[in-house]
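These numbers come from a predicted model, not from an experiment.
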Amino acid sequence: MKKFLFGLLALVFAEIALFIVIGKAIGVLYTLLLIISTSIVGLLIAKQRGTKSVQDIQKSLQQGQPPAVAMIETFMFFIGGALLALPGFITDIIGLLFILGITRKLFKPVIFYFLRKRMKKGQVVILQR
């Protein structure tokens, strides 16, 4: 937990430093407009792609297939959209990486590995109703 808090604090300081650097380079008004526009784009992407991903999960379930890939896609779009909605340039870059198709394909195996590892340790439990 301490590592997470330290990482979060480091992210906040890095974002503030980047705000100052970019604000000096392009101006305060353009920096604010850039932050606001990426937040709006993030919310729109999260809503649009999130809805489609939920439909993909339902389609997989109706076809009798496990919805693991669709669930990972939904998770990645949600996290990417949420990171884009947060004010900050570092979170915007990470959010874009989660949303773009090419990088999303690179992250999927890492997420599957993480989930399998947690399931073996008993930290993630899948309930079947």
**Student:** Would you say V12 and I20 are hydrophobically clustered, going by side-chain heavy atoms of ILVMFWY under 4.5 Å?
**Tutor:** yes

**Student:** First locate atom CG of L100, then atom OG1 of T103, and finally report the distance between them rounded to the nearest 0.5 Å.
**Tutor:** 4.5 Å

**Student:** Can you find a heavy atom in the side chain of R104 that is under 4.5 Å from one in the side chain of I72?
**Tutor:** no

**Student:** Hey, does L11 have a side-chain heavy atom less than 4.5 Å from the side chain of T91?
**Tutor:** yes

**Student:** For the OG atom of S60 and the CD atom of Q55, what is their distance to the nearest 0.5 Å?
**Tutor:** 12.0 Å

**Student:** Is it the case that more than 12 heavy atoms not belonging to L29 sit under 6.0 Å from its CG atom?
**Tutor:** yes

**Student:** What closest approach, in Å, do I35 and P87 show between heavy atoms, and which atom pair accounts for it?
**Tutor:** CG2-CB, 3.7 Å

**Student:** Please tell me whether F98 and F77 form a close aromatic pair, meaning their ring centres lie under 6.0 Å apart.
**Tutor:** no

**Student:** May I have all residue pairs that pass ring-ring contact (aromatic ring centres under 6.0 Å, His included) and include part of residues 3-35, sequence neighbours excluded?
**Tutor:** F19-F89

**Student:** Among the clusters formed by ILVMFWY side chains lying less than 4.5 Å apart, do L33 and I26 turn up in the same one?
**Tutor:** yes

**Student:** Would you call I57 and M71 a side-chain contact if the rule is heavy atoms closer than 4.5 Å?
**Tutor:** yes

**Student:** Are L97 and L34 joined in one hydrophobic group, where the rule is that I, L, V, M, F, W and Y side chains link up if heavy atoms are under 4.5 Å apart?
**Tutor:** yes

**Student:** Any ring-ring contact (aromatic ring centres under 6.0 Å, His included) pairs touching residues 39-65, not counting sequence neighbours?
**Tutor:** none

**Student:** Taking all atoms of both residues into account, what is the closest heavy-atom pair of V110 and L106, and its distance?
**Tutor:** CG2-O, 4.0 Å

**Student:** Taking the side chain as every heavy atom from C-beta outward, state whether I99 and R49 have any atom pair closer than 4.5 Å.
**Tutor:** no

**Student:** For K47, check side-chain hydrogen bond (donor to acceptor under 3.5 Å, both in side chains) against everything at least two apart and list the hits.
**Tutor:** none

**Student:** Quick check: do I79 and L83 have side-chain heavy atoms less than 4.5 Å from each other?
**Tutor:** yes

**Student:** How far apart are the closest heavy atoms of G42 and L84, and which atoms are they?
**Tutor:** CA-CB, 3.4 Å

**Student:** How close do A85 and S39 get, heavy atom to heavy atom, and via which atoms?
**Tutor:** O-OG, 3.0 Å

**Student:** Does I45 belong to the same Ile/Leu/Val/Met/Phe/Trp/Tyr cluster as I93, with side-chain heavy atoms less than 4.5 Å apart forming each link?
**Tutor:** no

**Student:** Do L96 and I111 belong together in a cluster built from hydrophobic side chains that touch within less than 4.5 Å?
**Tutor:** no

**Student:** With side chains defined as the heavy atoms from C-beta onward, is the minimum distance between M76 and K108 less than 4.5 Å?
**Tutor:** yes

**Student:** Atom NZ in K2, atom CG in L9: separation rounded to 0.5 Å?
**Tutor:** 14.5 Å

**Student:** With a 4.5 Å heavy-atom cut-off, do K59 and Q63 have their side chains touching?
**Tutor:** yes

**Student:** For the atom pair CD1 (I22) and CD (E15), what is the distance rounded to the nearest 0.5 Å?
**Tutor:** 9.0 Å

**Student:** Taking everything shown except F78 itself, do over 12 heavy atoms lie less than 6.0 Å from its CZ?
**Tutor:** no

